[in-house]
Amino acid sequence: MQLIVAADYAELSRWGAQFIARKLLQRPTLVLALPTGGTPLGLYQELARFYQERLLDFSQAITFNLDEFLGITPDHPASFRYYMEQNFWCRVNLRPEARHIPQSLPRNPEEECRRYEELLRDAGGLDLALLGLGENGHIAFNEPGTPFESRTHVAELTDRTRWNEALRFRGLEHVPKYAITMGIRTLMNAREILLLVAGAKKAQVLAQALEGPVTPAVPASVLQLHPNLTVLADCAAASLFRT
Ligand code: PGA
């Protein structure tokens, strides 16, 4: 594992974007897994700036979002599809057919999970998975207790995760109870992983994930077993590391 500690959120976002930019320059056909949430917003802004300054070209890249809520319309302002359209897709030259995200209203959710895994396989698997970290240790929507061998599946969201989304949905009662998420095995099969972690409220769970026991109780702890993991954290998030 490689740990990189950035001074603050701005530096974290810049370094994260530079990391991805280097990979994309080396391999224009990069297959990338993308997260949503607050943490990657600055990184998406930086990548969009690189594109606008003609330093990067996304025309051959393929992206797969990690997860999406079930039971809301795709254009719902709190959907991850909407987030991606607003914060990234509309700002770079990714081809529409190269941007993947699970459907939020599939006729058959299990079938949608299988379709998503097949799309990933047909794309040749993930070159790089960019991940965030939940306060409860989740990666994508793999909540505590998710088996390490899981593939893309329907996940029941924990109360804590739903509370974290309550503001965006304008009330807990509007937050979906289920989502489709890439599984832990799906993520671990990525050839490389970049974990992005910001803020003091993630310090404890980050130390637990990377220095504690590898256990499904802390899904991100599985990352200790990945052969090509880079952790990019700001000072606040890295503050409880022993080493
Ligand atoms: P955040 O979410 O970036 O909004 O903190 C991370 C996550 O829950 O995976």
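Atoms within each ligand, like the ligands themselves, are counted from 1 in listed order.
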Look at the side-chain heavy atoms of Ile, Leu, Val, Met, Phe, Trp and Tyr, link any pair under 4.5 Å apart, and say whether Y83 and L130 land in one connected group. yes
Do the ring planes of F69 and F141 sit parallel (below 30°), tilted (30 to 60°) or perpendicular (above 60°)? tilted
In terms of side-chain geometry, is the basic nitrogen of R49 or E53 positioned less than 4.0 Å from the acidic oxygen of its partner? yes
What residue and heavy atom of the protein are closest to atom 7 (C) of ligand 1, and at what distance? H138 NE2, 3.4 Å
Considering non-hydrogen atoms of the protein only, which is the closest contact for atom 4 (O) of ligand 1, and what is the distance? G38 N, 2.8 Å
If only side-chain N and O atoms count, and only distance matters, is there a donor-acceptor pair under 3.5 Å linking Q60 with T29? no
Residue and atom name of the nearest protein heavy atom (relative to atom 6 (C) of ligand 1), distance in Å to one decimal: L133 O, 3.5 Å
What is the nearest protein non-hydrogen atom to atom 5 (O) of ligand 1, stated with its residue, atom name and distance? K202 NZ, 2.7 Å
Quick check: does T39 get an N/O under 3.5 Å from an N/O on ligand 1? yes
For R114, which of E118, E117, E111 qualifies under salt bridge (Lys or Arg N to Asp or Glu O under 4.0 Å)? E111
